[in-house]
Structures are given as structure tokens and as C-alpha cells.
Amino acid sequence: MASLTRRQLILGATAALAGGLVRAQGAGEWPARPVKVIVPGGPGGVLDTLARQLYARLQDALGQPFVVENRPGANGLIGSAAVKNAAPDGYTILHSTASSMVMAEALNPAISIRTLRDLEPVALSSVGGVLLVVHPSVPARTLPELVALLRSDPDKYPSYGSWGVGSNGHLTMEWLKQRAGLRINHVPYKTSPSLLTNIVSGELPIGWVDVVAPLGFIEQGKLRPIALTGTVRSPRLPEVPVLSEQGYPFTAAGWQGIFAPKGTPPEIVERLHAVINREQVQPAFRQALLQANVPPAQAVSREAFVQTIKDDLAAWRKVVVDGNIQAD
């Protein structure tokens, strides 16, 4: 939920411009061989798509392949564990999400991997939201209309779906329930495609999805978008307001970020941070984000990224405690 200050943005941009100087400051010959990138999601999803876009550019910039390896499962824990246990030499990194790196820990503080304790935050690569959608049979077009409908007839719409306990959609809806006094049950799905299929069919007519997979269904009139999390409207759905624009000031955004094993040499972390910040503001990558319906991110400092993680952990933990939400 952290908002980035102008100073933090300047720090991030300065770090990006310094990318060409970092090798001389001690990064040595890194990378001298291919770098493995663990992505804790399946092929073709928004996480995988944006990761591959970014690392194709890093490969060109640094002269070594960045090989994406998909390790889905356990809300990102499998992928995080692989990087936590990897040699801290810069040749295994993690490209993950706020859902896996912050929300999972907020839901279960005793989780086996804790982000700031066990991993080294490298860079923030994108910031966006998740989408609340309904089947066209649901007679609501805005969030206030949906809230009124759920209040007036809770038995008609008893459940909503998300892609798992502790996911961005799940915790956001639980906050909304607390705020609006709603009574609606959560149905967690093991995969996003199965969730989307059930919403489109009307079997479960309300749910939270990513901003990429449902675009075709929305264009065909098979889904109706209601609201978006975060602070910025999505590029390909500019007519869909964020929560705060509809009377619910919840500004937490989903994000993607890069992490290294704890103990990775600082000069390697700083070089990777600088190159990522430099590449993500290039026009080609920004266009790739727009095409994926993700707002281009600002380059920010590592300190700002760490602060975002701390602030988000505190905010999501409050949602969990206030809602008495239990991990599976």
C-alpha cells in the first residue's frame, strides 16, 4: 500500500542511469554464464508473459541467456524455496508477485519462507491491479451497485471466486466485505483458467481475475468488469474505475518483483537492479506492458521496493486479522 515519493522515484531513475558504471565497481565478470530465472507460475500467464518480455531484454543487455523456469504451486512457495536454497552467486533469481511474496506471509506469519528474512529484494518490475468481474446475468455495472445487490439479496449470490486463499483477489474481497458489511463466501480455485471458465459459464458469477486472461471474454460481452485494485486504471480497460474511485479507498496494488538468494554479493544485486530499471523504462518494454494491459512502472530504488514490501505486509496483515482469515 506504500506510495512512492518523488525522491524515491528519482533515486530509482538515478540507479538505472548508473547501470553502465556498476561493472567497474566490482561486479566482475557477472554474468559469465546463463542465469536461471524461477517464475512461480505456469506458462502463458501474466507473470510468465511479462517475465519473458523482461529477460529477453536483459539477455541482450548483459550478453548471457536468462533462462525462465516455471515452478508453479503452493501460492509461489515452491519457486521461492528453490531460490532461497540456491547458491547466492547471481545465477539463480526469482521473478514473483505481491501475492506470493507479501500476501502469503501476511496470511501466515509462520510460513517457512519470509521475504525480507530469506531473500534479497532486487527490483520492482511492474505494478498493476486485479479485476473484479461478473457474469452478464448479474444486474450490476459498478461496485456500489454490486454492493447494494449483495446486501439486498445475499442468498442469490452466496459466493465469489479467486485463484486461491491469500491471493490478491481473496484478500481484497475480504477487505471489501469488512468495509461494506457483506456476507459472501469465498471459493478458492487451484488454477486461474478454471476460475475464469466458471465465471464465464455463470456457475460462479462473481470473481477476481488477472487483467490479461479475461480481455477476450470482456470484448465479446461474456464478462462485465466492475472494478480494479490499485491506483491506476488498466491501459486496455480505461473505462473500469479503481476501487478508490468508487468510494472504497483501497490502494494496494499487485506488483511483480525480482529477488535473489540472501547473501548474493551486493555488487551483483546492484548491477541487476540497475539494468532492470534501465530496461523497464525503454519504449519497447513499456509497449509490451501496455499490450498486456499492465500500466508501465516507474523505476524505483531498492530502498523504495523494500519499504513497499514492509508497508504491504503490515496492511495486508491487518486485513487478515480484522477478518479472522485463516490459511488452508
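Quick note: residue numbers are just sequence positions, from 1.
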**Report entry** side chain to side chain donor-acceptor pair (under 3.5 Å) between Glu174 and His186, worked out
**Finding:** CA-CA 9 Å; Glu174 294 304 308; His186 177 228; 5.5 Å; no

So, are [X] and [Y] salt-bridged, with charged N and O less than 4.0 Å apart?
X      : Y      : answer
Glu270 : Arg302 : yes
Arg179 : Asp322 : no
Arg114 : Glu105 : yes

Side-chain donor or acceptor of [X] paired with backbone N/O of [Y] under 3.5 Å:
X      : Y      : answer
Gln246 : Ile226 : yes
Gln256 : Ala51  : no
Thr49  : Val46  : no
Glu120 : Pro261 : no
Lys262 : Leu116 : yes

Query raised in the report: Residues in ring pair (Phe, Tyr, Trp, His ring centres under 6.0 Å) with Trp163, at least two apart?
Result: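 Not a single residue meets the ring pair (Phe, Tyr, Trp, His ring centres under 6.0 Å) criterion with Trp163.
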
Query raised in the report: Where do Gln282 and Gln280 land on the side chain to side chain contact (heavy atoms under 4.5 Å, CB included) test, with the steps shown first?
Result: CA-CA 6 Å; Gln282 298 304 311; Gln280 72 174 355; over 6 Å; no

**Report entry** Minimum side-chain heavy-atom gap Met103-His170 below 4.5 Å
**Finding:** no

Is the closest side-chain donor-acceptor distance between [X] and [Y] under 3.5 Å?
X      : Y      : value
Thr191 : Ser194 : yes
Ser167 : Ser162 : yes
Gln53  : Arg57  : yes

Query raised in the report: Can Asn168 and Thr172 be said to form a side chain to side chain donor-acceptor pair (under 3.5 Å), step by step?
Result: CA-CA 6 Å; Asn168 194 328; Thr172 300; 3.1 Å; yes

Query raised in the report: So Asn185 and Tyr160, side chain to side chain donor-acceptor pair (under 3.5 Å) or not? Walk me through it.
Result: CA-CA 6 Å; Asn185 297 316; Tyr160 76 94; over 6 Å; no

Query - Geometric class of the Tyr55/Phe66 ring pair [parallel <30°, tilted 30-60°, perpendicular >60°] - result: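 Phe66 vs Tyr55 ring planes: parallel.
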
